[in-house]
Amino acid sequence: MPFLDWYLRRSLATWLLLHSLVLMSFCFQPATTLPKGCHSSEEDGYKTLRCSNAQITEVPKDIPNDTNRLYLDFNQITYLPSDAFRNLPVLMELDLSHNSLGHLDINALRGLSDHLLSLDLSSNKLVSVNKEVFANLKARTNLSGNPWMCDCDLQELIRMVELDPTSSNGIVCASSVLEEHAGKPFLQVVKDIDLCNTYKRTTDVAMLVTMFGWFAMVISYLVYYVRQNQEDARRHLEYLKSLPSKQRHNEEPSTLSTVV
Ligand SMILES: *[C@@H]1O[C@H](CO)[C@@H](O)[C@H](O)[C@H]1NC(C)=O
Ligand SMILES: *[C@@H]1O[C@H](CO)[C@@H](O)[C@H](O)[C@H]1NC(C)=O
């Protein structure tokens with residue numbers, strides 16, 4: 001009996017101890033729980049949240065607000081909604097590469113303009129993006145590896161974005177307003193042609209062709225007219241030649257008479 005009593009008391013004490021340990025561990029856990037599939041670390045003095053390759057389909061809502069670097073690469077994010085990264089006032093680096101992004105809300109990157117230094121949107125499914133998405137953004141941006149539609153909108157967008165210089169050749173036209181550009185690097189295409197002026201160019205060409213047509217008509221009419229006149233002139237000359245032989249006979253005595 002005393003043994004059983006001792007045993008029970010002891011197990012009760014152990015249980016209480018365990019219980020309080022569990023409670024304590026709850027109390028000392030950081031107040032912010034990390035998003036699923038993410039782990040946080042301090043790299044080079046920067047708070048880094050890595051959520052790479054975590055089967056994430058949308059931007060997590062509970063990202064700690066002191067995050068400096070955020071890696072969301074190799075996931076299945078398809079869309080960036082309005083204010084996708086709000087309440088991240090010290091975010092410097094954002095990696096969204098290797099996702100399925102096809103659409104960015106016009107306000108998707110709102111609030112990042114003062115502090116974001118690097119933005120990776122490479123290897124997504126971006127065909128066209130409203131240039132206002134990047135308004136005021138100073139971040140070096142990687143836009144390579146997307147199925148871009150090369151048109152005036154893209155030209156204006158790229159004029160606005162601070163492109164990562166080593167990535168600029170990776171911006172390739174999957175399609176284009178002019179078919180012959182498909183498969184070519186965007187920067188090579190815009191070296192030869194202003195994509196915002198192709199309409200004007202085609203009208204210019206049409207104008208030139210029309211003017212050339214008119215010019216050719218005028219020239220051929222002139223040539224025809226001159227030839228016709230030459231013919232007329234020759235005929236007239238021949239007529240004159242045949243005519244004056246009589247006239248000369250008539251005139252000769254008169255000249256003679258005047259000489260006399
Ligand atoms: C994060 O949020 C907390 C609580 O709202 C706030 O006290 C803190 O200043 C914020 N941190 C940053 C870096 O803004
Ligand atoms: C840009 O993205 C491409 C494709 O993901 C990658 O190969 C390249 O290294 C990136 N460039 C920079 C400078 O990050």
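As the structure lists them, so they are numbered: ligands from 1, and atoms in each ligand from 1.
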Answer with yes or no whether the side chains of S52 and D73 bring together a donor and an acceptor at under 3.5 Å.
->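 Side-chain D/A pair, D73 to S52: present.
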Considering the options N53, I56, L49, which one meets the side-chain contact (heavy atoms from CB on, under 4.5 Å) requirement together with L72?
->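 For L72, the side-chain contact (heavy atoms from CB on, under 4.5 Å) test succeeds with only one of N53, I56, L49, which is I56.
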Electrostatic pair R110-D83, nearest N-O below 4.0 angstrom |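 Salt bridge between R110 and D83, a charged N being under 4.0 Å from a carboxylate O: yes.
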Pairing of R69 and D44 as salt bridge, 4.0 angstrom limit =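 Yes, this pair counts.
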State the atoms of ligand 1, each with its element, that fall below the 4.0 Å cut-off from a heavy-atom position in P89.
->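 Near P89, the atoms of ligand 1 are 14 (O).
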Kindly say whether L91 contributes a backbone atom to a donor-acceptor pair with the side chain of H115 at under 3.5 angstrom?
->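 Side chain of H115 to backbone of L91, a donor-acceptor pair under 3.5 Å: yes, one is there.
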Quick one: table the atom pairs, ligand 2 N or O against protein N or O, below 3.5 Å, distance rounded to 0.1 Å.
unit_1   : atom_1 : unit_2 : atom_2 : d
ligand 2 : 2 (O)  : S122   : OG     : 3.0
ligand 2 : 2 (O)  : N142   : OD1    : 3.2
ligand 2 : 2 (O)  : N142   : ND2    : 2.4
ligand 2 : 2 (O)  : S144   : OG     : 3.1
ligand 2 : 5 (O)  : S122   : OG     : 2.8
ligand 2 : 5 (O)  : S123   : OG     : 3.3
ligand 2 : 11 (N) : N142   : ND2    : 2.8
ligand 2 : 14 (O) : N142   : ND2    : 3.3

If we only count N/O pairs under 3.5 Å, is N65 in contact with ligand 1?
->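 Between N65 and ligand 1 (N or O atoms, distance only) the closest approach is under 3.5 Å.
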Looking only at non-hydrogen atoms, find the nearest pair between P147 and N124 and report the distance.
->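 For P147 and N124, the tightest heavy-atom pair comes out as CD-O, 3.6 Å.
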Can you check whether Y71 reaches E93 side chain to side chain, under 4.5 Å on heavy atoms?
->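 Contact flag for Y71/E93 side chains = yes.
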